[in-house]
There are 2 protein chains.
Amino acid sequence: MKITVAQIEVIPNDPQANTAKIISIVNQAEKDGADLVTFPEMCIPGYLIGDNWERSTFIQECVDCVNDIVEYSIGLNVAIVIGSVSFDEDKNGEDGRIRKFNCAYLIRDGKVLQKRIKTLQPNYRIFDDNRHFCDLRKKHAIVDERYIGTLDYPVSEVAGKKIGLLICEDGWDDDYSTVFGDFRPVLKFEKTPDLIVNISCSPYTNGKNNKRNRTFCSGSYDSNAHILYVNNVGCQNNGKNVMVFDGGSTMYSPFFGEAYSLYSPFQEASQTFDFDFEEELPDVPGEDGMPVLYQAVKYGVQKFMQQTGITKVVIGASGGIDSCLVAAIISQVVRPTDMWLVNMPSKYNSGTTIDIAKKLAEKIGCKYSSIPIEESVELTRRQFGDGLSEFALQNVQARDRSSRILAACTSVFETEGWNGRAAFTCNGNKSELTVGYCTIMGDLAGFLAPIADLWKTQVYEMARYFNENVKDIIPKEVFDIVPSAELSVTHNVDEGKGDPIIYAYHDKLFASWVERWNRAIPEDILMWKFEMRLEDELGLDFEIGTIFDSEQAFIDDLERWWNLYSGFSVAKRVVAPPLVTVSRRSFGFDMRESQLKPYYSKGYAKYKALLLCRDKM
Amino acid sequence: MKITVAQIEVIPNDPQANTAKIISIVNQAEKDGADLVTFPEMCIPGYLIGDNWERSTFIQECVDCVNDIVEYSIGLNVAIVIGSVSFDEDKNGEDGRIRKFNCAYLIRDGKVLQKRIKTLQPNYRIFDDNRHFCDLRKKHAIVDERYIGTLDYPVSEVAGKKIGLLICEDGWDDDYSTVFGDFRPVLKFEKTPDLIVNISCSPYTNGKNNKRNRTFCSGSYDSNAHILYVNNVGCQNNGKNVMVFDGGSTMYSPFFGEAYSLYSPFQEASQTFDFDFEEELPDVPGEDGMPVLYQAVKYGVQKFMQQTGITKVVIGASGGIDSCLVAAIISQVVRPTDMWLVNMPSKYNSGTTIDIAKKLAEKIGCKYSSIPIEESVELTRRQFGDGLSEFALQNVQARDRSSRILAACTSVFETEGWNGRAAFTCNGNKSELTVGYCTIMGDLAGFLAPIADLWKTQVYEMARYFNENVKDIIPKEVFDIVPSAELSVTHNVDEGKGDPIIYAYHDKLFASWVERWNRAIPEDILMWKFEMRLEDELGLDFEIGTIFDSEQAFIDDLERWWNLYSGFSVAKRVVAPPLVTVSRRSFGFDMRESQLKPYYSKGYAKYKALLLCRDKM
């Protein structure tokens with residue numbers, strides 16, 4: 001069977017552009033003699049378009065686009081699978097607006113052979129499916145195994161093969177059940193299909209590729225059908241989270257659990273494959289790990305800039321590892337002439353870091369400036385007299401750099417050379433963002449935070465990866481100095497004085513609060529400490545006793561960071577720029593947060609008392 | 001029947017504090033000889049706590065708190081209605097975590113007489129109920145009228161009366177249906193109750209009080225039962241939206257649709273009422289309109305400051321209406337000694353506005369400073385040479401004011417007098433926020449935007465209301481000048497040169513994009529214009545032709561603002577501070593937005609062509 005797998009870039013909110021692209025690929029597939037051409041989920045409207053789903057005129061236009069494709073298919077041999085939104089004229093959704101569905105269509109020769117409504121809808125992380133769409137279970141007023149017979153899972157013949165359709169989460173059925181047991185759409189078809197086409201709009205997450213291969217291989221094995229997973233590329237955002245889509249379209253076979261990855265990640269492609277459902281597939285499960293993680297970040301930056309029309313980038317280059325990595329990534333996205341590295345020294349900045357920043361710009365071959373902040377900081381100090389504490393003056397420096405200098409640089413850069421739109425980056429990482437180790441209107445500002453979903457330890461790893469595998473431009477010295485904000489005499493890198501965060505430990509601690517599936521709270525941490533299994537639970541490769549010489553010191557440290565994480569840092573994240581999401585849980589609209597007082601459970605007090613007793617022994 | 005209606009302030013994320021308060025009120029109710037004491041929905045955990053629902057240790061603690069109350073009730077006569085989270089040990093939720101429910105409990109003498117799971121869960125606006133909780137329909141695998149008999153809606157006898165429980169949205173059943181018709185929990189009880197207690201956590205919205213009275217009156221009439229609506233006060237937030245809860249606890253009678261509002265809005269109270277279910281109730285439907293709208297804004301500011309520990313406020317006082325109103329509101333929340341009005345003149349600021357700012361501070365009796373920005377702007381101009389355009393220099397001024405001066409003021413203010421935490425306000429309004437007529441790190445910055453959910457026309461109304469009904473402190477002159485940013489010679493208020501937004505028209509236009517239930521897009525606007533019904537649809541009290549002298553001018557204006565609204569201004573809103581939400585649709589997580597290219601439907605081009613033909617006639 002000849003199938004054109006259209007792993008396209010979907011432009012969110014632009015049904016006309018997407019439909020034009022779909023029709024052109026259908027045309028090519030027909031010329032190639034394909035029996036079937038498949039597109040991703042929601043390939044007409046896009047998926048992450050916020051609450052624009054409420055606009056009924058937009059919904060009608062998406063329906064019209066489906067009809068255009070149906071009309072275009074008249075007289076063609078190739079059958080077409082697309083995804084779009086549909087609506088029910090008679091019924092309202094539970095928000096009182098028109099009732100909408102996330103649908104897959106199988107179209108051939110002017111007819112809709114199948115219209116399949118999504119059965120399982122994700123409502124965790126960034127996903128708001130139930131907010132917008134009525135799922136098949138709700139539509140049929142059925143989530144009950146006894147009535148499952150009436151749910152409509154037909155198969156259709158295409159080129160002599162039985163084809164069934166599923167949509168994304170329908171294939172991720174691990175956590176769905178009825179009162180009578182598991183609920184698995186892959187097993188619900190009226191006849192066993194030869195091929196289940198799963199159209200998806202599934203964002204990249206570090207490590208998710210392996211998980212998908214396990215889940216879909218067992219879906220294929222259990223259903224005794226081949227599964228073709230078709231996912232889009234491109235980037236879509238929810239305001240706060242820039243989600244990248246890696247494609248990763250894959251054919252799964254029911255025989256020995258082979259996963260045949262069809263394309264490289266993040267590649268727009270629409271090749272025609274000749275599949276023999278009787279033969280073994282090559283087992284090519286697709287890549288994961290640092291190479292793909294790096295690609296994901298770079299791709300997110302590149303696509304987000306395309307979408308927002310930003311073509312020139314200003315980077316505050318402190319000479320630290322974060323801005324070095326951001327500059328390295330940006331150097332792979334724009335031409336050197338469209339990059340401007342700006343070092344903004346105060347009296348606290350060392351020659352060491354200034355040299356690193358300068359060397360980096362030289363290696364990239366981009367514009368470099370040193371614009372000092374001393375005069376402005378002095379003016380502010382003068383205007384406010386002794387009222388500004390040493391700590392307040394640290395923030396004054398950070399704000400002067402971003403909101404005065406970098407912002408002005410973008411204005412200047414826009415008028416230079418050709419007329420592009422310029423913006424400056426936020427170079428913060430996830431460790432800082434977790435506890436708010438950053439200044440609002442200072443280093444927290446920017447149009448995008450490319451590496452704010454990477455822990456500091458990952459930032460170092462990616463920087464090393466970059467030098468070894470992409471281009472050797474990040475100066476070696478930056479790997480040897482301590483990470484430091486250089487905002488006061490207590491931050492002297494040449495004296496080895498740096499950040500208060502002990503990244504080897506705190507990155508793992510913070511991850512247990514943020515990324516762990518059952519997110520830990522201080523009670524859990526103290527319980528693990530008390531039960532001598534903290535190292536195992538956090539995945540530390542050293543004894544925690546090598547960092548803290550008493551339980552009191554351990555607890556003080558825990559409370560310090562917990563109070564920041566669940567206190568003031570939330571306010572900082574609320575006004576943080578969008579970030580490229582690559583982890584299983586990122587800040588923004590992925591992990592929704594309220595500004596609250598830090599919470600300590602009753603059990604926390606118990607474990608604290610137990611641990612402090614140990615200090616006295 | 002004697003009922004203590006506990007309209008309490010619930011502290012989100014603090015089950016221990018809430019439980020202590022509940023037990024103390026139960027104790028008082030018992031002393032008062034009450035038969036029943038009722039608390040609001042989720043009165044133990046709070047409601048808007050973001051994704052903290054994922055922490056299983058927290059959930060267990062909330063369950064323990066319910067058990068504490070059950071234990072406390074042993075030997076008491078008073079029956080207790082509370083709301084909290086519960087979980088199912090055997091089943092996972094569809095996110096793979098423990099399955100949780102939003103529950104109401106009826107407790108008496110150490111026993112749980114009823115545990116009622118919420119049937120209808122809202123998933124629009126700020127509500128994410130399905131993200132966190134399994135509703136009764138899903139739990140019983142039933143959304144089908146045929147199986148409704150097995151859904152458990154018991155009634156219990158208390159003081160000889162039959163009591164049924166519902167939770168918030170269960171009473172707002174307008175938009176819920178099954179395949180067989182309407183689905184109305186008020187009609188599902190096993191026997192007709194004498195009293196349905198609806199415990200709620202329902203945020204204030206301008207105009208919602210009237211809607212609730214209509215909905216609950218007809219619920220009471222149709223079910224032939226009294227309904228007691230018990231709602232909390234306080235403020236809870238989702239990061240972006242500070243939601244205020246007005247209480248508004250009300251008894252509804254089934255006879256003639258009386259609504260007997262028990263307390264003033266935003267008042268924490270727990271009085272004991274003696275209800276005779278045979279007698280007519282006084283018809284006191286509770287207030288709405290500007291007095292309550294003003295209270296809502298003030299209350300939101302006050303409570304949010306309490307929650308975040310901010311006690312001193314710095315306000316950039318330009319002498320315009322927005323900062324005047326914000327200062328007036330703040331003057332009702334903190335002592336004059338904890339307020340600091342800062343005027344930051346450049347060469348573009350008129351004596352007129354400077355005088356207004358100064359006069360305002362005098363009337364409030366608070367600290368006032370004039371801190372000029374000229375020297376700093378000059379320094380920036382000097383550092384960047386001619387690279388900064390006139391437009392760029394406008395933004396330089398705005399950023400200098402907020403990120404240099406106001407931020408430094410808060411640092412200084414914190415160290416003065418007593419040790420409180422200081423912050424500065426964002427004085428922007430909804431009209432500006434809609435189209436991004438503001439500067440990031442400039443006037444868009446602040447810890448909270450008190451009036452960012454009020455259109456400019458509402459800002460004027462509230463300012464007038466304040467002077468007439470609260471305190472006459474806003475200088476009269478501000479009502480006479482044109483609204484202006486005063487950032488260039490083109491903004492001269494003394495010459496009547498002001499903002500490009502024509503508020504009388506644009507406020508209504510923008511509201512049709514943001515607040516209208518079926519949100520309008522440009523195609524709708526042009527269709528209305530073409531069909532000569534734009535004035536009716538937008539609610540204008542003037543002819544649109546008085547503003548635009550051609551269709552071309554009308555369309556250019558529409559496209560200008562639409563491009564801003566659906567383009568760059570989204571990026572601004574992503575980094576905007578939290579705002580006090582008072583309208584039916586506010587920016588933030590109430591209206592979720594992606595950064596996208598502005599969208600024009602196919603139909604737009606058609607109407608545009610039709611309209612432009614008129615210009616040629």
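In what follows, chains are A, B, ... by sequence order, proteins preceding strands, each numbered from 1. Just so you know, these numbers come straight off a predicted model, no measurement behind them.
At distances below 3.5 Å, at least one donor-acceptor pair connects side-chain atoms of A:Ser594 with backbone N or O atoms of B:Gly50. B:Asn237 places a side-chain N or O within donor-acceptor distance of the main-chain N or O of A:Gln595, the cut-off being under 3.5 Å. Judged by distance alone, with hydrogens and angles left aside, the side-chain atoms of B:Asn13 form no donor-acceptor pair with the main-chain N or O of A:Leu596 at under 3.5 Å. Side-chain atoms of B:Ser403 do not come within 3.5 Å of backbone N or O of A:Met441 as any donor-acceptor pair.
In terms of heavy-atom pairs under 4.5 Å with chain B, the best-connected choice from A:Glu414, A:His132, A:Gln307 is A:Gln307. Per-residue counts of heavy-atom pairs under 4.5 Å with chain A were compared for B:Cys409, B:Gly442, B:Gly567, B:Gly588; the largest is that of B:Cys409. Comparing B:Val396, B:Ile11, B:Ile49 by how many heavy-atom pairs each has under 4.5 Å with chain A, the most go to B:Ile49. Heavy-atom pairs under 4.5 Å with chain B were tallied for A:Pro122, A:Ser56, A:Ala392, A:Ala408; the largest tally goes to A:Ala408. The most heavy-atom pairs under 4.5 Å with chain A, out of B:Gly309, B:Pro577, B:Gly387, B:Ser369, come from B:Gly387. Between chain A and the residues B:Gly385, B:Ala571, B:Pro578, B:Ala407, the largest count of heavy-atom pairs under 4.5 Å involves B:Ala407. Ranked by heavy-atom pairs under 4.5 Å with chain A, the first of B:Arg404, B:Gln60, B:Glu593 is B:Arg404. Between chain A and the residues B:Asn92, B:Asn123, B:Val575, the most heavy-atom pairs under 4.5 angstrom are made by B:Val575. Residue with the most contacts toward chain B among A:Gln236, A:Lys597, A:Arg585: A:Arg585 (heavy-atom pairs, distance under 4.5 Å).
Note that the CH2 atom of B:Trp53 and the CZ atom of A:Arg519 stand 13.0 Å from one another [nearest 0.5 Å]. Atoms CG and OG, on A:Leu379 and B:Ser376 in that order, are 5.5 Å from each other to the nearest 0.5 Å. Distance check: A:Gln394 CD to B:Ser411 OG gives 11.0 Å after rounding to the nearest 0.5 Å.
In terms of heavy atoms, B:Tyr124 sits closest to A:Arg131 at C-NH1, 3.5 Å. Residues A:Gln383 and B:Pro372 approach most closely at NE2-O, 3.1 Å, considering heavy atoms. Nearest heavy-atom pair, B:Trp517 versus A:Asp95, reported as atom, atom and distance to 0.1 Å: CZ2-O, 2.8 Å.
Between A:Glu54 and B:Arg125 there is no salt bridge, since none of the side-chain N atoms of the basic residue sits less than 4.0 Å from a carboxylate O of the acidic one. Ion pairing of B:Arg382 with A:Glu375 is present here, as a side-chain N (NZ or NE/NH1/NH2) and a carboxylate O approach within less than 4.0 Å. Note on B:Lys602 versus A:Asp68: salt bridge recorded, some NZ/NE/NH1/NH2 to OD/OE distance being below 4.0 Å.
Interface residue A:Glu61: only side-chain heavy atoms are found under 4.5 Å from chain B. When heavy atoms are compared at a cutoff of 4.5 Å, B:Thr380 approaches chain A by way of both its backbone and its side chain. Interface residue A:Ile405: backbone and side-chain heavy atoms are both found under 4.5 Å from chain B. Within the 4.5 angstrom heavy-atom criterion, only side-chain atoms of B:Pro15, from C-beta onward, approach chain A. Only the side chain of B:Ile521 comes within contact range of chain A, with at least one heavy atom under 4.5 Å from a heavy atom of that chain. Heavy atoms closer than 4.5 Å to chain A are found nowhere in B:Asp173, neither backbone nor side chain. Heavy-atom distances place no part of A:Asp129 under 4.5 Å from chain B, backbone and side chain included. For a residue to count as touching a neighbouring chain, one of its non-hydrogen atoms must lie under 4.5 Å from one of that chain's; by this rule A:Thr415 touches chain B with the side chain only. Only the side chain of A:Thr308 comes within contact range of chain B, with at least one heavy atom under 4.5 Å from a heavy atom of that chain. Using a 4.5 Å cut-off between heavy atoms, B:Phe568 touches chain A through its side chain atoms alone. Heavy-atom distances place the backbone of A:Gln306, and not its side chain, under 4.5 Å from chain B.
Under the 4.5 Å side-chain criterion, counting only non-hydrogen atoms from C-beta, B:Lys138 is in contact with A:Arg137.
Listed by chain and residue number, nothing satisfies the salt bridge (charged side-chain N to carboxylate O under 4.0 Å, His left out) test with A:Arg421 (two or more places apart in sequence, or in another chain). Residues that satisfy the side-chain contact (heavy atoms from CB on, under 4.5 Å) test with A:Pro598, not counting sequence neighbours, are A:Trp562, A:Asn563, A:Ser566, A:Tyr600.
Using the six-membered ring where Trp is involved, B:Phe589 and A:Phe589 have ring planes that are parallel, under 30° apart on the 30 and 60° scheme.
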Quick one, A:Tyr599 with B:Gln16, criterion side chain to side chain donor-acceptor pair (under 3.5 Å). Give me CA distance, side-chain angles, the key distance, then yes/no.
CA-CA 10 Å; A:Tyr599 165 70; B:Gln16 295 158 44; 5.1 Å; no
Would B:Thr57 and A:Asp524 count as a side chain to side chain donor-acceptor pair (under 3.5 Å) if you check the C-alpha gap in whole Å, the side-chain angles of each, and the deciding distance to 0.1 Å?
CA-CA 8 Å; B:Thr57 314; A:Asp524 303 308; 3.1 Å; yes
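Checked options A:Asp51, A:Asn52, A:Asn238, A:Asp128; the residue passing with B:Arg592 is A:Asp128 (criterion: side chain to side chain donor-acceptor pair (under 3.5 Å)).
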